[in-house]
Amino acid sequence: MLRSSSPTQHVWKFFRRGGLDQAALESAEDLLALRELDEKLWVVLSCPVNGLELDPKTLELIDADGDGHIHVREVIAAIEWSAAHLTKPGDLLAPAASLPLAAINALIPEGQAVLGAAKRILASVGKSDATAISVEDTLDTAKILAAKAPNGDGVVTARATSEAATQALIKDIVACVGGVRSSAGDEGVDAKKTEEFFAAVKSYLETVDAAAAHRLPEFGEATISAHDALQAVRAKIDDFFARVRLAAFDRRAIAALNREETEYLAIAARDLSISASEIAAFPLARIDATATLPLLEHVNPAWAAALADFQRRVVAPLFGADKNTLTAEEWSAIAAKFAPLQAWLAGKSASPIEKLGAARAREVLTGPARQALADLLVQDRTLAPEYAAISSATRLVRYYRDLRTLLHNFVNFADFYSRDRLATFQAGTLLLDSRACELCLRVSDVARHADFATKSMACVAYLECRRVGSDTMRIAACFTQGDSDYLFVGRNGLFYDRQGRDWDATITKIIDNPISIRQAFWSPYKKLIRFIEDQVAKRATAAESATTADLEGVATTAVAAPGVKPAAPAAAPPKKFDVGTVAALGVGLGSIATAFGLVMAKFVELPTWKVPLVIVGLLFLISLPSMIIAWLKLRQRNLGPLLEANGWAINGRVKINIPFGAALTERAMLPRNARHLLRDPYAETHGLRNSILVVLILLALAAGGLGAAYRFDLWPFHRAAKNETAPAAATAPAATTNPPDSAAKK
């Protein structure tokens with residue numbers, strides 16, 4: 001039953017990170033109250049066992065159902081089990097590499113057993129006087145315990161005995177009903193599998209004994225094998241005699257019953273195989289109105305072996321070894337003889353013991369190996385408490401060391417939003433393009449992950465990491481600061497995993513999204529510059545191709561053999577000039593020039609202090625759409641889809657806002673006390689010219705914007721226009737009135 005969001009007795013404390021409210025874990029009371037916390041308030045509902053920077057053995061212990069994922073209830077169960085075995089459950093939130101023996105709760109029987117097992121483990125590794133036990137101390141003991149057989153884990157393997165008969169019995173059980181994986185990793189049998197096996201043996205032998213009543217005297221104990229040989233060809237023999245009866249009814253059908261010649265031609269055109277399905281579908285032998293079925297010669301090669309087996313096992317015992325043909329009446333008699341046995345076998349279910357045979361089944365049922373295996377199972381059962389205690393001690397040591405890390409990456413994401421810790425899903429740090437990216441995740445399927453990653457609104461680069469002596473690793477690195485101008489497929493970087501090992505990394509795929517508002521501001525101008533560069537490159541390439549073609553033509557003419565007149569090149573068709581097009585271009589250029597002149601005239605008339613404001617305003621007007629789109633996407637930047645693609649179930653929207661993104665990706669910065677020598681002896685001499693060219697392009701863009709503003713009577717020209725029309729309106733009446741002197745004269 002799901003927990004509701006109704007008030008609980010425990011007073012919870014929540015902290016806010018990345019726009020997400022997260023439950024704080026600060027005391028033992030917080031841990032023990034997790035069962036009451038509404039699951040909708042957990043940041044994670046499920047996470048995979050593999051691919052995390054946490055000991056996979058610990059995660060496998062927490063994964064109680066073994067489905068490869070850790071769920072909320074399994075986390076709660078691990079906390080409550082650990083709390084019951086510790087004197088102070090709050091120690092789980094401040095773990096150390098080693099578990100103090102004094103921290104084990106010896107007031108309960110289970111705790112006493114764990115404490116005793118921990119002391120035995122320390123004694124086995126030569127640390128009898130130690131006051132704490134670590135995971136490393138348990139590794140050798142676990143190996144020794146796993147190698148010991150029987151060891152109390154409930155599974156008996158072939159290593160548990162030196163008797164060949166008992167070893168063979170264990171292998172037979174595994175082969176027939178399946179085995180159980182032992183703590184050492186090899187397959188064996190437990191009490192349940194053993195009981196299942198002998199029950200199946202008993203049932204199989206009862207069936208074998210019942211089959212004796214259905215034995216045919218001509219076959220004896222070979223009745224079942226004869227029946228199997230009959231069943232292998234029954235359908236094809238029925239088909240053959242049905243075709244014979246149809247041919248006897250009307251001889252005109254014989255050609256069709258033997259299949260058309262075109263079908264043989266189609267098969268003959270390909271490589272033949274005796275077991276080919278096309279050949280097996282043909283009749284067993286040639287159809288004739290009075291034909292009998294040959295069994296050994298002149299038969300369909302795809303069925304030759306099955307017919308020979310049928311002749312040896314069924315026909316020979318009934319009609320003699322020289323019987324090589326079969327009539328319809330003889331076939332009907334054979335089918336009738338086996339009919340009762342077939343009906344009985346149809347009602348009998350298949351047994352897994354059939355592969356052993358009746359003789360071996362009787363041997364294992366009554367032989368001494370059965371009792372020897374039972375004794376081993378009893379011996380293993382007596383060692384179960386010791387094995388359970390040692391296993392519990394190993395579990396408690398691992399939980400003490402690793403549970404805090406799991407909780408701060410499951411209940412909340414405190415580690416992810418912390419500056420001194422990395423989350424369990426962060427695989428390491430990528431150095432590329434003068435940046436260090438900390439948000440790097442392991443990826444198994446790049447295509448599937450990329451489908452999810454597009455919903456994160458983050459700029460993600462997928463890289464293939466290689467290291468000598470290690471398998472290739474694939475990661476997804478999020479760039480959350482800077483720009484993506486020089487991120488492209490094939491670029492190389494260096495990746496450091498959580499163990500400090502370095503890997504050669506190469507970009508294989510990029511999901512391009514805005515990284516910053518600054519990048520969005522300059523994006524339109526960069527696109528314009530790239531467009532101009534592309535156009536110039538295309539024109540240069542075309543001109544180079546034309547020049548090369550002309551040079552090749554001249555060279556061909558020059559090296560032509562004396563007396564041989566080179567073929568004249570085909571005359572190019574005369575170019576046609578469209579007068580209307582030329583006129584339209586002239587009118588357009590004239591309009592542009594006129595508008596540009598008017599704009600520049602108005603621009604010059606502006607007060608000096610307005611000119612920078614107008615230019616800055618136009619720049620922002622051009623960049624504003626890109627900045628708005630980038631702002632919207634940056635507000636939606638979310639870690640959830642990146643983790644969902646790896647099998648996580650994220651319960652909230654784990655946002656990566658701009659300040660936090662700047663912390664996840666560090667840009668190259670000079671040390672504060674560094675001396676910066678600005679003079680570059682290899683600096684480009686045309687740097688000033690290039691800067692002037694960029695400024696002229698920006699001024700041209702600004703002029704174009706002013707032209708549009710003037711054309712549509714927008715700021716800053718609409719106010720000036722109004723100011724110019726006001727005096728004209730005021731002076732118009734004065735022009736129509738008579739001067740005072742003229743009125744006096746009249």
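Any value given below was found using the heavy atoms of this structure, including those in side chains, with hydrogens, waters and symmetry copies removed.
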Point-to-point distance, once rounded to the nearest 0.5 Å, from CG of L45 to NE2 of H69 | 12.0 Å
Distance-only, no hydrogens or angles: does the N409 side chain make a donor-acceptor pair with backbone N or O of T424 under 3.5 Å?
-> yes
Does CG in D471 sit with more than 12 non-hydrogen atoms of other residues, nucleotides or ligands closer than 6.0 Å?
-> no
Ionic contact status for K40 with D38, cut-off 4.0 Å = yes
Heavy atoms, side chains only, cut-off 4.5 Å: are V156 and L373 in contact?
-> yes
Trace of the ring-ring contact (aromatic ring centres under 6.0 Å, His included) decision for W648 with F425 = CA-CA 10 Å; W648 289 65; F425 49 79; 5.7 Å; yes
Compare all side-chain heavy atoms of Y387 with those of D380 and state whether any distance is below 4.5 angstrom.
-> no
Stepwise side-chain hydrogen bond (donor to acceptor under 3.5 Å, both in side chains) check, S27 with E29 | CA-CA 5 Å; S27 64; E29 290 74 17; 3.2 Å; yes
Are R435 and E666 within salt-bridge range, i.e. N to O under 4.0 Å?
-> no
Salt bridge (Lys or Arg N to Asp or Glu O under 4.0 Å) between R419 and E438, intermediate numbers included = CA-CA 11 Å; R419 295 308 305 145; E438 291 185 356; 3.8 Å; yes
Taking all atoms of both residues into account, what is the closest heavy-atom pair of S182 and V155, and its distance?
-> CB-CG1, 3.8 Å
Nearest 0.5 Å please: distance from the SG atom of C440 over to the OH atom of Y496.
-> 13.5 Å
Salt bridge between D190 and K192, side-chain N to carboxylate O under 4.0 Å?
-> no
Determine the interplanar angle of the Y417 and F660 rings, folded into 0 to 90°, and report it as parallel if under 30°, tilted if 30 to 60°, perpendicular if over 60°.
-> tilted
Ion pair R501/D497, N-O distance below 4.0 Å | yes
For the residue pair F14 and W12, does the interplanar ring angle fall in the parallel (under 30°), tilted (30 to 60°) or perpendicular (over 60°) class?
-> tilted
So, K193 side chain and V177 main chain: donor-acceptor pair closer than 3.5 Å or not?
-> yes
Taking it one step at a time, do I515 and T480 satisfy side chain to side chain contact (heavy atoms under 4.5 Å, CB included)?
-> CA-CA 5 Å; I515 299 178; T480 54; 5.5 Å; no
Is it true that a side-chain atom of D137 and a backbone atom of S134 form a donor plus acceptor pair closer than 3.5 Å?
-> yes
Salt bridge or not for D504 and R466, using N-O below 4.0 Å?
-> no
Can you tell me how far the CZ atom of F197 sits from the CG atom of L365, to the nearest 0.5 Å?
-> 9.0 Å
Rounded to the nearest 0.5 Å, what separation is found between the CG atom of D91 and the CG atom of L86?
-> 6.5 Å
Provide the closest heavy-atom pair for R120 versus A389 in the form atom of the first, atom of the second, distance.
-> NH2-CB, 4.2 Å
Check: L403 and I62 side chains under 4.5 Å, non-hydrogen atoms | yes
Within the side chain of R467, is there an N or O that forms a donor-acceptor pair under 3.5 Å with the backbone of D502?
-> yes
Thinking salt bridges, do D415 and R404 make one under a 4.0 Å N-O criterion?
-> yes
Would you find a donor on one side and an acceptor on the other, under 3.5 Å apart, between the side chain of K13 and the backbone of D30?
-> no
Any donor-acceptor N/O pair, R35 side chain to R73 backbone, under 3.5 Å | no
Is a side-chain N or O of R370 found less than 3.5 angstrom from the main chain of V364, in a donor-acceptor match?
-> no
Please state whether the rings of H449 and Y462 are parallel, tilted or perpendicular, taking 30° and 60° as the class boundaries.
-> perpendicular
Minimum-distance pair of heavy atoms, taken over all atoms of L406 and V75 | CD2-CG2, 4.3 Å
Would L422 and F416 count as a side chain to side chain contact (heavy atoms under 4.5 Å, CB included) if you check the C-alpha gap in whole Å, the side-chain angles of each, and the deciding distance to 0.1 Å?
-> CA-CA 6 Å; L422 292 178; F416 178 57; over 6 Å; no
Taking side chain as C-beta onward, heavy atoms only, is I510 less than 4.5 Å from V460?
-> no
Output, in order, the C-alpha distance, side-chain angles, deciding distance and verdict of side chain to side chain contact (heavy atoms under 4.5 Å, CB included) for N638 and I656.
-> CA-CA 6 Å; N638 184 8; I656 306 175; over 6 Å; no
Specify the closest pair of heavy atoms between N105 and A84, including all atoms of both residues, with the distance to one decimal.
-> ND2-O, 3.4 Å
Is I79 close to Y399 at the side-chain level, that is, under 4.5 Å between some pair of heavy atoms?
-> no
Interatomic spacing from CG in L376 to OG1 in T194 - rounded to 0.5 Å | 10.0 Å
Under 3.5 Å, is there a donor-acceptor pair between the side chain of Q22 and the main chain of F413?
-> yes
Identify each donor-acceptor pair in which a side-chain atom of residues 451-459 lies under 3.5 Å from a protein atom, sequence neighbours left out, and give them as a table.
| unit_1 | atom_1 | unit_2 | atom_2 | d |
| --- | --- | --- | --- | --- |
| T454 | OG1 | D451 | O | 2.9 |
| K455 | NZ | D451 | O | 3.2 |
| S456 | OG | A453 | O | 2.6 |
| S456 | OG | A458 | N | 3.4 |

Steps toward side-chain hydrogen bond (donor to acceptor under 3.5 Å, both in side chains) verdict (S484, D512) | CA-CA 7 Å; S484 59; D512 196 5; 3.1 Å; yes
Decide, yes or no, whether a salt bridge links E187 with K171 under the criterion of side-chain N to carboxylate O below 4.0 Å.
-> no
Student check: side-chain heavy atoms of R442 and N646 closer than 4.5 Å | no
Look up atom CD1 in I121 and atom OG1 in T138, then write down how far apart they are to the nearest 0.5 Å.
-> 6.5 Å
Is the number of heavy atoms from other residues, nucleotides or ligands under 6.0 Å of E163 CD greater than 12?
-> no
Other residues, nucleotides, ligands: >12 heavy atoms within 6.0 Å of E80 CD = yes
Could you tell me whether the side chain of T131 reaches within less than 4.5 Å of the side chain of P100, counting heavy atoms only?
-> no
What pair of heavy atoms forms the shortest contact from A200 to P352, and how long is it?
-> CB-CG, 4.4 Å
If we only count heavy atoms from C-beta on, is the M473 to F495 side-chain gap below 4.5 Å?
-> yes
So, E464 side chain and T506 main chain: donor-acceptor pair closer than 3.5 Å or not?
-> no
Might you point out which heavy atoms bring V201 and A361 nearest each other, and give the distance in Å?
-> CG1-O, 3.5 Å
Would you call R181 and D186 a salt bridge, taking side-chain N to carboxylate O under 4.0 Å as the test?
-> no
Any chance you could lay out the side-chain hydrogen bond (donor to acceptor under 3.5 Å, both in side chains) test for D63 and H71, step after step, and finish with the verdict?
-> CA-CA 8 Å; D63 181 21; H71 303 93; 5.5 Å; no
Test D375 against Q379 for side-chain hydrogen bond (donor to acceptor under 3.5 Å, both in side chains), laying out the working first.
-> CA-CA 6 Å; D375 294 340; Q379 183 181 354; over 6 Å; no
Using atom types as modelled and distance alone, determine if a side-chain donor or acceptor of T157 lies under 3.5 Å from a backbone N or O of G188.
-> no
